[in-house]
Asker: 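Quick one: the structure is below, questions incoming.
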Protein chains: 2
Amino acid sequence: MGKGRVTVIDIAKAAGVSKSTVSLVLQASPLVNESTRTKVNAVMRELGYVYNRGAANLRQANARSKIIGIVVNDLTNSFFAELAVGVDTVVQSAGFVQFLSNTSESIDRQREVIASMREHGVSGLIISPARGTEAVDLKPLVMAGIPVVLVVRNIPGAKVSSLVSDNHAGTYAAVEHLAALGHSRIAFVGGFPDTAVFDERLGGYRDAMSKTSSGFRDELVVSSAPSRAGGVDALARAMAMPEPPTAAVCFNDAVAFGVCDGLRARRIEPGKDFAVVGFDDVIEAKTTVPALTTISVDPQGIGQRAAQMLLKQINAGKPEAESAVSSVRLIVRESCGAAMNKPGRKLA
Amino acid sequence: MGKGRVTVIDIAKAAGVSKSTVSLVLQASPLVNESTRTKVNAVMRELGYVYNRGAANLRQANARSKIIGIVVNDLTNSFFAELAVGVDTVVQSAGFVQFLSNTSESIDRQREVIASMREHGVSGLIISPARGTEAVDLKPLVMAGIPVVLVVRNIPGAKVSSLVSDNHAGTYAAVEHLAALGHSRIAFVGGFPDTAVFDERLGGYRDAMSKTSSGFRDELVVSSAPSRAGGVDALARAMAMPEPPTAAVCFNDAVAFGVCDGLRARRIEPGKDFAVVGFDDVIEAKTTVPALTTISVDPQGIGQRAAQMLLKQINAGKPEAESAVSSVRLIVRESCGAAMNKPGRKLA
DNA sequence: GTTAATAATTGGAACGTTCCAACTTTGTCA
DNA sequence: TGACAAAGTTGGAACGTTCCAATTATTAAC
């Protein structure tokens, strides 16, 4: 049926008013008489009118469209999926709509999706940059005055807002906790050494270790892919040492799960014979057995906060770069052994 | 700096050609001379031109924009995250860009995001409908001739394409496998009874059970939320029976993980003292301990196939509804006990 | 050297909306 | 009654692009 789409002019004709009036109704202007408003609305429903945002924000060259873009580097990692959900909640309630793309750590893909989002006139961007992203990659965005909030990974030199979690404090707290439980050979396992996040988490580990009696020892850091399989692999290398560790601070929860898998394959019970603590507090951490002691970063919360920072910038007009650090906290569960002493599961 | 955005006319002026020529360059038309093309391209780069898709597909009222929308009901479930990744890969390589939104099982939210996507002129939609979605909810879309592919959950009566996995065959195969291993008290655990997916998976279980010597027994199906916590809960109820089961076919992998947690909490070793098989084959299934025997549905593959179905419809012009069933297969790992007999881990 | 064909380029109209300034209607007050 | 204000409505221009028909420049054919 209806060949061409129904436009504001069709509505105007059918309602016996001018297109300007229909436009005013669309923007809920107080200028229009109540009775005309209801009539116009009725006609719109009847004819199945759909608003054409493309045409609209073509005219209002100043205000950009109501789209915000979110670019993540690994959507299969549930951390990012939850982050996206967090962004979505606040963005939706502000009347914006989310545009999500996954780069799979590819810089080329990242460039493509960012370009595509610009073409569609996004009002702002939340980006968890692919590995190897540099400040120049973001240059065009800041030149065009498009608000950007970087999450998870910061990029030195880029004049944009960022929101990262307090990686240093997280691993620091983890080491302190394990040391208080009596461990001295504590390993740092997992993660790729060439990333800023790795450096920060390792830094917290190192600083805390050097305060212990045994001090920081280089051979106790064993890196690997930041995945479950990487954790299995790294643990194997750690256990092959002459004096293997009795505890591990892991780069993230995925690695920690891998470490637990590896321990069990060796008939070592995580949380009893060996302490492991993760980082991120992904949703599975609390339900797995043993429940994972980890550093909580609340991915949904980060998403929400990032979205708020972005909206603030968008509304301010002048994009004022702002750096925030999201605080983290240690969640003591079972995998560190602290709760195993008593059956009553007292939290340390 | 640059107050107004740079348009095709600015480029034309700077390159000494007409706006029409610039437009032809943009669409890579063979009509334009090679030397002019390179000059225009150079100027575009120099002035930092960004294409305005809104304006473009305002003019070409026939062809819609190069956006495809994807609507999922639970992005925190890694099944859907992977599905989205699958869609993204094929959609991107076809020059489209993905527009993802999460409904969190809310019908209202679903209506909002679909409306929003229409306003932005999506070319097509891939929808995993929220629980309780009805055919009327999709009516406006089919009336407007917007191609839609339903995934995971089909909606009876909606005249749109769908791609669901062969739920019946999956649980049927699972039961057959467990029966062959000597189990007779096999439970069906997890899932909400009011969903089509539940009915199909239960149906496969029932049909397979009635072919066994012990037959189908109503009390052996125990439902719960389709989550890890739901699995723990359902297992507790199952084990409280006078004659508890010795094996479980689970509604999905999340439930299966919960069942394993519950078993271990009772000092029952999954894969040794009790057999469990899941459904979905999420990414963690193969790395967990014990590795989960499950029905593989390949979420990324489903996403890719759905995207292909959608693109076909978009290119065809006439949206021809097509229903497809994605085949599944049983992946035998450790949690069913089949591989535990020999240390060599032979696959049954 | 003219004509025809081909290659390359072009100005104007159109897409669906919003903004602006102008207009009409109605009501109020002296 | 006239002047003025307030409330409501309106036509036209503009946004940045693509399409169309028309134009000019170039080459080929006789």
Side-chain angles (χ1 to χ4, degrees), chain A residues 2-41 43-44 47-67 116 118-122 144, chain B residues 2-41 43-44 47-67 116 118-122 144:
Chain A
K3 209 68 272 258
R5 68 191 303 159
V6 21
T7 90
V8 103
I9 298 188
D10 301 323
I11 304 295
K13 233 170 270 172
V17 296
S18 80
K19 60 182 171 43
S20 304
T21 304
V22 177
S23 174
L24 291 175
V25 171
L26 281 173
Q27 347 183 26
S29 160
L31 286 169
V32 37
N33 189 312
E34 202 50 50
S35 67
T36 7
R37 181 195 310 284
T38 51
K39 178 169 30 163
V40 169
N41 277 324
V43 174
M44 289 203 288
L47 299 194
Y49 170 74
V50 317
Y51 185 68
N52 185 336
R53 245 173 234 278
N57 63 262
L58 176 58
R59 184 57 176 86
Q60 24 188 188
N62 47 335
R64 282 209 184 71
S65 89
K66 299 288 258 179
I67 303 179
S116 183
R118 287 194 68 186
E119 290 182 3
H120 285 100
V122 292
Chain B
K3 207 67 277 238
R5 68 191 303 161
V6 21
T7 89
V8 104
I9 298 188
D10 300 324
I11 303 295
K13 234 171 269 171
V17 296
S18 81
K19 61 181 170 42
S20 305
T21 304
V22 177
S23 174
L24 291 175
V25 171
L26 281 173
Q27 344 181 29
S29 160
L31 284 169
V32 39
N33 189 312
E34 203 49 50
S35 68
T36 19
R37 180 195 311 283
T38 53
K39 177 168 31 164
V40 169
N41 277 325
V43 174
M44 288 202 290
L47 299 194
Y49 170 75
V50 315
Y51 185 68
N52 186 335
R53 247 174 232 279
N57 61 259
L58 176 57
R59 183 56 175 87
Q60 29 190 185
N62 47 336
R64 281 209 184 70
S65 89
K66 299 288 256 181
I67 303 179
S116 183
R118 286 194 67 187
E119 289 181 2
H120 285 101
V122 292

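Treat the numbers as computed from the prediction; the structure is a model and nothing was measured. Every chain is numbered from 1 and lettered A, B, ... according to where its sequence line falls, protein lines coming before strand lines.
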Asker: Looking only at side-chain atoms of B/A56, point me to the closest of C/dT17, D/dT18, D/dG16.
Answerer: D/dT18
Asker: Is any side-chain heavy atom of B/V43 closer than 4.5 Å to a side-chain heavy atom of B/L47?
Answerer: yes
Asker: For the base of D/dT17, is there a side-chain donor-acceptor partner from B/R59 under 3.5 Å away?
Answerer: no
Asker: For DNA chain D, which residues in residues 12-20 of chain B have a heavy atom at a distance below 4.0 Å?
Answerer: B/K19, B/S20
Asker: With the threshold set at under 4.0 Å for non-hydrogen atoms, list the residues of residues 25-34 of chain B touching DNA chain C in residue-number order.
Answerer: B/L31, B/V32, B/N33
Asker: Tell me the interatomic distance from A/M44, atom CE, to C/dG16, atom P, rounded to whole angstroms.
Answerer: 16 Å
Asker: Which nucleotide, D/dT9, C/dG16, D/dT17, lies nearest any side-chain atom of A/T21?
Answerer: D/dT9
Asker: Checking the side chain of B/N52 only, and the main-chain atoms of B/A55 only, is there a donor and an acceptor separated by less than 3.5 Å?
Answerer: yes
Asker: Does A/Q60 place a side-chain N or O at less than 4.0 Å from the phosphate oxygens OP1/OP2 of C/dC19?
Answerer: yes
Asker: Side-chain contact test, heavy atoms from C-beta onward, threshold under 4.5 Å: evaluate it for A/T36 versus A/V25 and give yes or no.
Answerer: no
Asker: Determine yes or no for a side-chain-to-main-chain donor-acceptor pair under 3.5 angstrom, with A/R37 supplying the side chain and A/L24 the backbone.
Answerer: no
Asker: Suppose the criterion is salt bridge (Lys or Arg N to Asp or Glu O under 4.0 Å): which pairs have a residue in residues 13-30 of chain B, not counting sequence neighbours?
Answerer: none
Asker: It should be established whether A/S23 places a side-chain nitrogen or oxygen under 4.0 Å from OP1 or OP2 of nucleotide C/dC19.
Answerer: no
